[in-house]
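Note that the numbering runs from 1 along the sequence shown for the chain. Ligands are counted one by one from 1 in listed order, and the atoms in each one are counted from 1 as well.
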Amino acid sequence: MAVSAVRCGRLPITPFFHHHRHPLLLSSGKDYSLRRRRLNNRGSKRLIFSARYSQAQDPFSSRRLQDTLETLPKLVEDIVQTSINTGPRGALRLAQGIQAFLGVGSEWLADVSKSTNSSVGLPTQLQLGLLSPLYLRRLFERMGATYIKLGQFIASAPTLFPPEYVQEFQNCFDRAPAVPFEHIQKILREELGRPIDSVYEYVDSTPIASASIAQVHGARLRGSHEDVVIKVLKPGIEDVLVADLNFVYVVARILEFLNPEFSRTSLQVGIVKDIRESMLEEVDFYKEAANIESFRRYLEAMGLTQQATAPKVYQYCSTQRVLTMQRLYGVPLTDLDSITSLVSNPESSLITALNVWFGSLLACESFHADVHAGNLWLLRDGRIGFLDFGIVGRISPKTWAAMEVFLASIATEEYESMASALIEMGATNKDIDAEAFARDLEKIFLSIQDLDTEIVVATARETTTKATAVSANLVVDERQMNALFLDVVRVSESYGLRFPREFALLMKQLLYFDRYTRLLAPSLNMLQDQRISIVSNRRSKYGDGVN
Ligand SMILES: Nc1ncnc2c1ncn2[C@@H]1O[C@H](COP(=O)(O)OP(=O)(O)OP(=O)(O)O)[C@@H](O)[C@H]1O
């Protein structure tokens with residue numbers, strides 16, 4: 001089926017939240033586009049929810065204050081112990097931190113002086129100083145590895161952080177200056193325990209990529225002459241991580257001390273533990289290698305190796321700090337021009353990628369939780385390539401079953417089942433008024449009509465019949481869609497629900513996929529298309545499911 005779409009100022013897009021109240025079916029062959037812009041002021045036009053927000057107890061009531069003071073000695077002891085563990089690397093990191101702080105501080109001052117020259121007052125962004133989402137994000141980028149990951153974690157955890165921060169941190173990019181090649185060579189020699197040229201015919205001195213944690217170089221294996229890439233952990237990164245994670249831990253402890261409500265919002269146990277674990281996993285390439293291998297086993301077991309692949313890992317030249325893997329050749333799935341030169345039907349490549357990924361949610365021990373544009377490729381041989389298994393998630397069948405109902409309910413606009421699916425997923429010990437919850441969810445989705453919307457008309461030609469069907473979709477832009485999702489989370493939380501991290505990881509992933517869909521298959525509705533099996537029918541066939 002050939003698909004083309006009318007561009008309406010932006011890229012032709014199809015919504016993930018397809019709103020079927022609005023489809024506009026037109027007579028065949030006639031392209032039509034309509035742009036609809038309505039007042040879009042979500043800040044002032046807040047929805048009124050019937051939920052009761054639980055009143056946090058005053059943290060400084062006399063009883064509470066007494067309790068809090070009793071925990072002070074433990075806090076001081078913890079902080080002292082953590083500082084001792086951090087050692088001299090703490091001082092070095094502090095110096096780097098001050099440098100980053102001064103850098104972003106001077107950017108802020110420059111912006112303030114520009115604003116004070118204008119007649120309009122100081123924007124809120126500037127009033128908040130370095131704590132505003134924008135400057136904090138810039139500060140994090142300058143602070144490197146831990147903070148960039150922390151920033152990306154904030155972006156992927158709308159259940160835990162304020163929406164303005166979640167949105168701003170979606171722009172938190174992980175690029176870092178390359179480490180000189182001599183340092184990389186030294187690490188390779190030490191890790192391999194033998195001369196580099198006994199393992200590789202050559203290693204390209206110019207890196208393919210350099211991020212905060214690792215650097216990637218192209219190479220060729222001696223003997224088999226296979227093309228590989230070597231991912232090398234940057235020198236000293238573990239020290240930086242230990243110092244930073246300890247610092248984050250201390251901050252969390254202090255926050256918890258000042259406001260014990262934090263412990264209930266799982267800041268302490270949840271966030272810090274999660275960041276600590278997932279970051280420490282990312283600096284252990286044995287873990288990444290194991291994730292890749294498990295994904296390859298899944299492809300093998302499901303007979304999907306003709307459709308998709310992940311790079312083969314060469315164990316004999318991989319260690320905790322060096323990962324040697326098969327070099328894949330292809331283009332990122334978002335590079336439309338290159339993709340159309342490789343395949344005639346980008347839509348079917350996208351459908352394959354979606355099916356393989358959805359299939360892995362339960363059939364594989366872990367799912368790839370970071371399939372952003374750079375990590376999902378269309379290979380020269382037409383297969384889909386999955387890269388970078390540093391961040392993975394694990395989902396229980398119970399959560400996924402509820403997630404399936406939730407996704408289906410978005411498509412069918414059944415708010416009762418949406419409410420019960422969310423209740424099923426979110427941990428709570430309260431009794432929830434499911435009906436009121438469903439009504440509040442409905443309000444959110446009805447509010448989609450207040451968004452800056454656009455109708456995209458797609459013509460889809462059935463190649464066999466040559467008939468042309470024209471359909472239209474109401475679309476919302478990505479940020480607004482995030483806002484919509486955040487509204488769902490916020491109203492759910494107002495009913496006392498707390499979602500597991502995997503819920504946020506899944507939603508983030510769906511938003512990435514939505515972006516690919518808009519680009520490659522504008523008339524495809526990911527949640528409704530029969531060719532995409534979101535509802536896992538393969539679950540029982542491969543025994544490695546997680547419980
Ligand atoms: N097997 C491979 N074949 C070809 N290129 C690769 C391969 N693995 C990595 N690369 C290249 O190196 C880049 C960075 O690799 P990878 O994503 O694994 O590292 P990272 O440090 O985790 O980066 P990020 O977190 O930004 O994705 C990829 O975007 C890709 O261009």
Would you tell me whether Tyr314 and Glu226 have side-chain atoms, one donor and one acceptor, within less than 3.5 Å of each other?
yes
Modelled atom types, side-chain donor and acceptor of Tyr316 and Thr324, under 3.5 Å
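Looking only at side-chain atoms, Thr324 and Tyr316 do not form any donor-acceptor pair under 3.5 Å.
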To which of [options] does the heavy atom nearest [atom] belong?
| atom | options | result |
| --- | --- | --- |
| atom 17 (O) of ligand 1 | Asp388, Leu233, Val313 | Asp388 |
| atom 3 (N) of ligand 1 | Ile230, Ile292, Asn375, Leu328 | Leu328 |
| atom 21 (O) of ligand 1 | Ala209, Pro332, Ala211 | Ala211 |

In sequence, state the C-alpha distance, the side-chain angles, and the governing distance for Asp227 and Tyr329, and then conclude on side chain to side chain donor-acceptor pair (under 3.5 Å).
CA-CA 10 Å; Asp227 283 352; Tyr329 290 97; 2.8 Å; yes
Check for me whether the distance between the ring centres of Trp357 and Phe513 falls short of 6.0 Å.
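Ring centroids of Trp357 and Phe513 are less than 6.0 Å from each other.
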Using heavy atoms and a 4.0 Å limit, tell me yes or no: is Leu387 in contact with ligand 1?
yes
For ligand 1, is there an atom lying under 4.0 Å from some heavy atom of Gln326?
yes
Ligand-side contact atoms (ligand 1) for residue partner [X], heavy atom cut-off under 4.0 Å:
| X | result |
| --- | --- |
| Trp377 | 4 (C), 5 (N), 30 (C), 31 (O) |
| Pro311 | 1 (N) |
| Val216 | 12 (O), 14 (C), 15 (O) |
| Met325 | 8 (N) |

With under 30° as parallel and over 60° as perpendicular, where do the rings of Phe169 and Tyr165 fit, or are they tilted in between?
parallel
Hey, what's the ring geometry for Tyr147 with Phe140, parallel, tilted or perpendicular (30° and 60° as the breaks)?
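The arrangement is perpendicular - the two ring planes meet at more than 60°.
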Within the 4.5 Å heavy-atom criterion, are Cys317 and Ile230 side-chain neighbours or not?
no
Give the contacting part of Lys231 toward ligand 1: side chain, backbone, both or neither, where contact means a heavy-atom distance below 4.0 Å.
side chain
